[in-house]
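Residues take their numbers from the sequence shown, with the count starting at 1. As a basis for the values below, the full set of heavy atoms in this structure was taken, side chains included, without hydrogen atoms, waters or symmetry mates. In each ligand, atom 1 is the first atom listed, and ligand 1 is the first ligand listed.
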Amino acid sequence: MALKLEFAPLSTPPKGVLIVFCDEALKLGSATRQVLAPTGDLVSRAAAAERFKGKSASSLDIVAPAGLDVARLVVIGVGKLRDLKPRHFLKLGGVAMGKVPRAAEEATIIADLPGGAPKPDAVAEIALGARLRAYSFDRYKTKRKEGEEKPAEVRVTIAVSNVGAVQKAYAARDAVANGVTFARDLVNEPANVLYPDEFAQRATTLKKLGVAVEVLDVAAMKKLGMNALLGVGQGSEHESRCVIMRWNGGKKGTPPIAFIGKGVCFDTGGISIKPAGSMEDMKGDMAGAACVVGLMQTLAARKAKANVVGAIGLVENSVDGKSQRPGDIVTTMSGQTIEVINTDAEGRLVLADVLHYVNTRFKPKFMVDLATLTGAIIIALGNEYAGLFSNDDRLADRLIKAGRQTGEKVWRMPLGAEFDKQIESKFADMKNVGGRSAGSITAALILSRFVEKTPWAHLDIAGTGMGSPQTDTNKSWGSGFGVRLLDRLVADHYEK
Ligand code: BES
Ligand code: MN
Ligand code: ZN
């Protein structure tokens with residue numbers, strides 16, 4: 001649903017669906033009380049009839065409320081006022097947007113609480129939550145059931161106590177919402193549309209925001225010796241690409257920070273082919289790369305004061321006479337050799353070369369990679385937490401903190417020499433799989449061999465980047481996971 005979001009003063013007459021907030025004692029803010037005055041005791045009677053108690057994120061629906069010129073009145077609980085933390089407002093915005101029926105054309109959210117109007121930052125979070133909730137990917141839906149026709153656009157007005165201050169606080173969130181939207185669109189696109197070159201072209205659109213974009217083609221990557229990445233893509237009709245994006249909003253000459261994404265546009269497993277069940281989900285095996293592109297867009301749009309490199313390895317892992325075989329040995333750009341035991345463990349091969357390339361060319365302060373790397377991380381952490389692996393405690397702690405603040409949660413997993421023997425190869429420096437046990441750890445361990453001493457973190461987003469459970473701020477298959485997390489990491493630690 002296309003959403004047109006506006007801020008207006010609290011005095012604006014509400015239209016369409018009116019959404020207000022109350023606490024656990026069903027108390028309303030003073031501005032809200034004023035708007036609802038003509039309804040008398042309607043809210044308290046409806047609450048009693050529905051046993052609505054104002055619990056956090058619960059809601060009360062009143063259709064055609066007498067005394068008000070609106071189609072519907074929705075009261076959303078925020079729970080106990082003193083338990084309400086800044087990070088809860090995003091969810092409230094999502095819940096509010098979720099109460100706007102599909103067919104509605106207009107809604108008004110009164111950003112007001114019994115303790116007084118929330119701070120501009122909190123209101124801006126409500127707005128971001130609403131934006132994220134309103135996203136849907138329906139580019140390929142040409143037919144609609146009767147009664148499910150959607151209006152071209154829904155206008156949502158958030159009534160606030162200080163329009164200017166809220167608009168200022170919202171500007172950066174608007175960039176975040178657009179970045180998440182871009183990432184979700186990329187993840188949701190099917191692989192017949194979004195193959196490596198098409199992905200590279202979409203990343204190239206960031207040029208209009210002042211991002212420097214370079215696209216390496218197969219010849220360029222051959223020259224660089226990126227044979228591990230190229231080996232994965234060699235069986236595909238679609239040529240591989242590597243895209244390097246640079247945003248230099250920081251001090252001139254200070255070393256950049258770097259984000260690297262796995263961009264397997266489709267993962268059949270290659271010759272070690274995957275079973276048919278749910279293989280269609282492997283169009284989302286580029287969620288890491290999608291996040292990096294969405295993040296770069298966000299940072300550029302909000303003119304982040306940081307020097308940032310984004311790099312993505314784009315390939316299709318196909319089955320063909322030209323595909324690489326189990327037993328093949330590839331020489332990576334770093335010079336280390338890898339024996340390919342299983343062609344379905346392809347993400348680490350792609351990342352091995354991109355990590356080394358970024359590390360040696362840019363000498364970044366730190367690197368974070370995102371990858372839908374292993375099914376094993378879903379067994380370990382489900383769809384709630386991304387797996388975090390790192391060679392640097394400070395970077396790991398900052399990511400954990402950013403995860404708590406944004407709700408894009410990460411859980412640290414171990415990494416260490418104890419696991420080395422699992423990836424010893426008879427013929428090469430290492431093999432690309434370490435057996436059934438600790439599958440996510442041995443995958444991360446391979447990546448760690450391509451970052452040298454640079455502080456680095458790896459986020460295994462196989463469970464969170466796509467198909468994750470629907471939340472109050474996401475109803476889409478592709479979640480855009482990581483954009484908000486890493487935007488927060490950059491804002492809190494690297495823009496000072
Ligand atoms: N892209 C998959 C991992 C994956 C699985 C992502 C499910 C999202 C949902 C990855 O390339 C893969 O195939 N990993 C293998 C590794 C194994 C062969 C060592 C896996 O997890 O089974
Ligand atoms: Mn695979
Ligand atoms: Zn994969």
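- Shown in contact with Met466 at under 4.0 Å from a heavy atom are these atoms of ligand 1, numbered in order with element: 8 (C).
- For ligand 1 and Glu346, the ligand atoms under 4.0 Å from any heavy atom of the residue are 11 (O).
- What you find for Pro364 and Thr454 is that their closest heavy atoms are O-CG2, 3.6 Å.
- The Zn ion (ligand 3) lies under 2.8 Å from an N, O or S atom belonging to Lys262.
- Remark: minimum distance from atom 12 (C) of ligand 1 to any protein heavy atom is reached at Asp344 O, 3.2 Å.
- When the shell of 6.0 Å around CZ of Arg139 is examined, it contains more than 12 heavy atoms from other residues, nucleotides or ligands.
- Taking a 6.0 Å sphere around CZ of Arg361, one finds it holds more than 12 heavy atoms contributed by other residues, nucleotides or ligands.
- At the top of the distance list for atom 10 (C) of ligand 1, counting protein heavy atoms only, stands Leu373 O, 3.3 Å.
- The Mn ion (ligand 2) lies at the vertex of an angle of 70° between the O atom of Asp344 and the OE1 atom of Glu346 (rounded to 10°).
- Under a 4.0 Å criterion applied to the non-hydrogen atoms of Val433, ligand 1 contributes the atoms 19 (C).
- For atom 5 (C) of ligand 1, the nearest non-hydrogen atom from the set Gly463, Gly439, Gly375, Ala345 comes from Gly375.
- At a 4.0 Å heavy-atom cut-off, ligand 1 touches Arg348 through the side chain alone.
- Distance from atom 18 (C) of ligand 1 to its nearest protein heavy atom, with residue and atom name: Asn342 ND2, 3.5 Å.
- Residue-ligand proximity, Thr372 to ligand 1, at heavy-atom distances under 4.0 Å covers atoms 1 (N), 2 (C), 3 (C), 6 (C).
- For the Zn ion (ligand 3), the nearest N, O or S atom contributed by Asp267 is named OD2.
- Classification of the Phe366-Tyr494 ring pair by plane angle, with boundaries at 30° and 60°, yields tilted.
- Counting the atoms of ligand 1 from 1 in the order shown, those under 4.0 Å from a heavy atom of Asp267 are 1 (N), 2 (C), 10 (C), 11 (O), 13 (O).
- Of all N/O/S atoms in Asp285, OD2 sits nearest the Zn ion (ligand 3).
- Asp267 has its closest N, O or S atom to the Mn ion (ligand 2) at the position named OD2.
- The protein heavy atom nearest to atom 9 (C) of ligand 1 is Met282 CE, 3.5 Å.
- At a 4.0 Å heavy-atom cut-off, ligand 1 touches Lys262 through the side chain alone.
- Below 4.0 Å from some heavy atom of Thr374 lie the following atoms of ligand 1, by number and element: 3 (C), 21 (O).
- Enclosure of atom NZ in Lys99 by more than 12 non-hydrogen atoms of other residues, nucleotides or ligands within 6.0 angstrom is indicated.
- Residue Ile378 touches ligand 1 through its side chain alone, judged by heavy-atom distances below 4.0 Å.
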Decide side chain to side chain donor-acceptor pair (under 3.5 Å) for Tyr135 and Asn188; before the verdict, give the C-alpha distance in whole Å, the side-chain angles of both, and the deciding distance to 0.1 Å.
CA-CA 12 Å; Tyr135 174 88; Asn188 287 324; 3.1 Å; yes
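- In summary, the side chains of Thr374 and Asp460 do present a donor paired with an acceptor at a separation below 3.5 Å, with no hydrogens or angles considered.
- Summary: OE2 is the N/O/S atom of Glu346 found nearest to the Zn ion (ligand 3).
- Distance remark: protein heavy atom present below 4.0 angstrom from atom 21 (O) of ligand 1.
- Expressed to the nearest 0.5 Å, how far CE of Met221 lies from OG of Ser240 amounts to 5.5 Å.
- In this model, a donor atom of one side chain and an acceptor atom of the other lie less than 3.5 Å apart for Arg131 and Asn178.
- Across Asn342, Asn317, Val433, Ile341, a single residue satisfies side chain to side chain contact (heavy atoms under 4.5 Å, CB included) together with Ser272, and that is Asn342.
- Closest of all the heavy-atom pairs between Leu395 and Trp456 is CD2-C, 3.7 Å.
- Side-chain contact of Asn307 with Thr254: a donor-acceptor pair under 3.5 Å is present, judged by distance alone.
- With rounding to the nearest 0.5 Å, the separation of CZ in Phe362 from CD1 in Ile244 is 6.0 Å.
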